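Heads up: the structure comes next, in structure tokens.
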Amino acid sequence: QQQKQQQQQQPPQRNHNHLVLLHLGVDCKLTGYKLETRACNEATFRVPDEDGYQPSELCIDDSNHPFGTFLSSALDLTQICLEVQNKRKAGSENDDDDDDDGGG
């Protein structure tokens with residue numbers, strides 16, 4: 001009886017196997033963020049990075065995905081973008097409040 005009650009109080013264990021890829025690229029033409037729904041499994045740099053690394057036609061993830069294939073996202077990026085914008089607007093409205101706790 002006591003063991004049954006303990007099992008009911010504990011949250012169910014989830015056995016998920018999700019892969020989250022977050023790519024933070026650089027685009028000198030952009031003034032904001034660009035959310036993408038897919039990525040190509042290829043690394044080709046037109047110019048070397050600051051360490052001189054310049055891959056050409058290199059597979060990023062060769063464990064399950066052949067070179068040049070696309071990985072897709074099922075995330076609703078439109079909804080995510082709207083939520084981020086709404087939170088940002090709400091945060092900027094609160095920035096106008098007088099706050100004597102400036103931390104410095």
Side-chain angles (χ1 to χ4, degrees):
Q1 179 74 10
Q2 187 179 12
Q3 185 179 9
K4 204 175 218 183
Q5 286 177 341
Q6 287 177 343
Q7 288 175 345
Q8 290 174 347
Q9 291 174 352
Q10 294 178 350
Q13 290 186 355
R14 295 190 173 106
N15 199 8
H16 297 291
N17 189 14
H18 296 288
L19 174 65
V20 176
L21 300 175
L22 178 62
H23 173 248
L24 301 174
V26 178
D27 187 341
C28 63
K29 298 174 195 161
L30 289 180
T31 58
Y33 299 103
K34 181 168 67 170
L35 301 176
E36 298 178 343
T37 58
R38 67 183 197 149
C40 186
N41 192 22
E42 173 189 353
T44 299
F45 293 7
R46 289 179 291 141
V47 294
D49 68 11
E50 62 183 28
D51 293 326
Y53 180 62
Q54 186 176 8
S56 179
E57 297 184 1
L58 185 69
C59 191
I60 296 169
D61 177 11
D62 58 3
S63 63
N64 294 320
H65 309 285
F67 174 80
T69 58
F70 285 91
L71 301 173
S72 297
S73 172
L75 296 174
D76 185 350
L77 294 182
T78 302
Q79 182 63 36
I80 292 170
C81 193
L82 286 172
E83 289 180 23
V84 169
Q85 289 173 345
N86 289 337
K87 287 181 181 182
R88 187 171 165 206
K89 286 178 189 175
S92 65
E93 290 170 2
N94 292 334
D95 288 343
D96 294 336
D97 296 341
D98 289 334
D99 188 0
D100 292 333
D101 188 50

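Basis for what follows: all heavy atoms, side chains included, without hydrogens, waters or symmetry-related copies. Here the structure is a predicted model, which is why all the values come from computation and not from measurement.
Every pair passing side-chain hydrogen bond (donor to acceptor under 3.5 Å, both in side chains) that includes a residue from residues 41-50 is listed here, sequence neighbours excluded: E42-T44. Residue pairs meeting the side-chain hydrogen bond (donor to acceptor under 3.5 Å, both in side chains) criterion with at least one member in residues 72-81, sequence neighbours excluded: Q79-E83.
Here the closest heavy-atom approach between residue C40 and residue F70 is recorded as CB-CE2, 3.6 Å. The two residues L77 and E36 have their closest heavy-atom pair at CD1-O, 3.3 Å.
Clustering of Ile, Leu, Val, Met, Phe, Trp and Tyr by side-chain heavy atoms under 4.5 Å joins F45 with Y53, L58.
Hydrophobic clustering (side-chain heavy atoms under 4.5 Å, transitive across Ile, Leu, Val, Met, Phe, Trp, Tyr) groups V84 together with L75.
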